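Right, one structure below, let's go through it.
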There are 2 protein chains.
Amino acid sequence: MSGSQVIAAEQDEGRGTSFGPMTDELGFHLRRAQVAAFKHFAQTVTAAEGITPGLYGMLQVIANNSGLTQSRLAEVMEVDRSSIVKVVNALEDKGLIRRDAAPNDRRSYHLRMTPEGKLALRRIEEGVVRQDLDFSAGLSEGDRRLLISLLKRLY
Amino acid sequence: MSGSQVIAAEQDEGRGTSFGPMTDELGFHLRRAQVAAFKHFAQTVTAAEGITPGLYGMLQVIANNSGLTQSRLAEVMEVDRSSIVKVVNALEDKGLIRRDAAPNDRRSYHLRMTPEGKLALRRIEEGVVRQDLDFSAGLSEGDRRLLISLLKRLY
DNA sequence: ACAAGATTGTTTACCTAGCAAACAATCGCG
DNA sequence: CGCGATTGTTTGCTAGGTAAACAATCTTGT
């Protein structure tokens with residue numbers, strides 16, 4: 001009865017405030033890391049390009065799956081169809097993507113990058129990759145890959 | 001010039017949709033994992049107790065740092081002072097915490113758990129711990145700890 | 001062939017969670 | 001004492017998401 005169950009939970013790092021049992025909860029650290037990543041992204045990419053992580057994700061999915069419909073995009077991004085509308089509107093207004101009429105289905109559109117969109121995405125992507133490496137600067141490349149593979153196993 | 005730079009990015013898992021270069025971005029996987037964790041939490045703890053991850057975090061910080069003020073809580077949670085107000089109101093309305101007048105500062109309150117709050121937190125915490133382990137069921141205990149330690153190094 | 005049902009994009013109304021700025025009350029300090 | 005800082009709060013704003021209803025259009029069973 002003396003074994004290995006709970007370990008940390010009391011000292012936490014620095015000092016002062018204690019987070020109690022959350023110190024041992026994966027979800028807690030996941031949330032904190034994600035918030036930190038978001039803030040870092042906001043201060044670099046979003047500040048420079050006006051593109052949020054969500055918009056960037058949409059752009060990449062459209063760029064790498066040219067011609068997909070809004071419904072399919074919604075599925076891939078795991079959000080509601082109705083949430084897609086304003087995002088696609090925004091990207092279209094920025095001239096980055098285009099709604100092409102579907103040849104054999106008058107209900108749906110095929111989403112495609114515009115030439116300017118492709119150009120912009122190359123630039124944005126460069127910034128994102130730099131930001132991403134910068135954010136994980138405390139990790140070796142091996143640790144970074146290890147972390148990614150562990151995260152993948154959660155979903 | 002043939003070395004080790006980029007590796008994945010093309011096949012992605014299953015098939016169908018490609019996420020392009022995001023496959024190599026830590027932030028991308030961080031966001032996905034966090035969204036998955038949030039949904040899992042919502043389907044278990046929030047469904048059963050009406051407590052979101054944010055509220056749970058607040059409760060734990062209050063429970064483990066009895067008497068802290070709203071401003072201090074805001075600092076710890078890294079949110080704006082004004083965001084704290086409605087959260088504290090909600091927890092107070094639920095009878096889980098109490099705003100005690102500070103003896104030597106009529107501006108601020110000391111936040112404390114009520115007896116019912118302590119009781120409720122014990123129950124909620126049990127659910128959260130179960131949920132957390134359940135969510136990370138795909139990981140061994142060692143991998144789980146490794147993941148946590150890697151995440152900590154990001155913030 | 002064609003009615004019934006499913007799908008697509010959209011709108012509207014709503015919710016949560018955050019920020020920013022302004023404010024009154026109060027504190028602390030030179 | 002008086003001025004600047006701090007505390008909690010309110011108000012207005014934003015981003016991102018859901019749910020339900022809708023018209024237009026496709027698909028499928030008989």
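Quick caveat: nothing in here was measured; it's all calculated off a predicted structure. Reminder, nothing fancy here: chain letters follow the sequence lines and each chain counts from 1.
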Taking every non-hydrogen atom, the tightest pair across B:V85 and B:R99: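 For B:V85 versus B:R99, the nearest heavy atoms are O-NH2, 4.5 Å.
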Looking only at non-hydrogen atoms, find the nearest pair between B:G95 and B:T114 and report the distance.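 Minimum heavy-atom separation between B:G95 and B:T114: O-OG1, 2.6 Å.
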Roughly how many Å is it from [atom1] in [X] to [atom2] in [N], rounded to a whole number?
X: A:I51; N: D:dG16; atom1: CD1; atom2: P; result: 10 Å
X: A:I84; N: D:dA15; atom1: CD1; atom2: P; result: 16 Å
X: A:F41; N: D:dG16; atom1: CZ; atom2: P; result: 11 Å
X: A:L68; N: C:dG9; atom1: CG; atom2: C1'; result: 14 Å
X: A:L73; N: D:dG17; atom1: CG; atom2: C1'; result: 15 Å
X: B:R31; N: D:dA15; atom1: CZ; atom2: C1'; result: 14 Å
X: A:N104; N: D:dT25; atom1: CG; atom2: P; result: 15 Å

Is [X] close enough to [N] that one of its side-chain N or O atoms is under 4.0 Å from OP1 or OP2 there?
X: B:R81; N: C:dC23; value: no
X: A:S71; N: C:dT8; value: yes
X: A:R99; N: C:dT10; value: yes
X: A:Q70; N: C:dT7; value: no

Any side-chain heavy atom of A:I97 within less than 4.5 Å of one from A:L59? yes
Are the side chains of B:R81 and B:Q70 in touch, meaning some heavy atoms are under 4.5 Å apart?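 No; the side chains remain at least 4.5 Å from each other.
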Collect all protein-nucleotide pairs involving nucleotides 14-17 of chain C in which both atoms are nitrogen or oxygen and the distance is under 3.5 Å.
none

Nearest-nucleotide check on DNA chain D, B:E75 vs B:S82; residue mapping nearer the 5' end is B:E75
Remaining members of the apolar cluster that contains A:V129, side-chain heavy atoms under 4.5 Å: A:L133
In this structure, which one of B:Q43, B:H40, B:E126 forms a side chain to side chain contact (heavy atoms under 4.5 Å, CB included) with B:Q131? B:H40
Does anything in residues 105-113 of chain B come within less than 4.0 Å of DNA chain D? Heavy atoms only, and list the residues if so. B:R107, B:S108, B:Y109
Residue met sooner reading DNA chain C from 5', once B:E78 and A:D80 are mapped to nucleotides: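 Per heavy-atom nearest nucleotide, the more 5' residue is A:D80.
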Between B:Y155 and B:E78, do the side chains contain an N or O donor and an N or O acceptor separated by less than 3.5 Å? no
For a quick check under 3.5 Å, do B:Y109 and B:E92 share a side-chain donor-acceptor pair by atom type?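 Side chains of B:Y109 and B:E92: no pair found under 3.5 Å.
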Steps toward side-chain contact (heavy atoms from CB on, under 4.5 Å) verdict (A:L146, B:L146): CA-CA 9 Å; A:L146 177 58; B:L146 176 58; 3.6 Å; yes
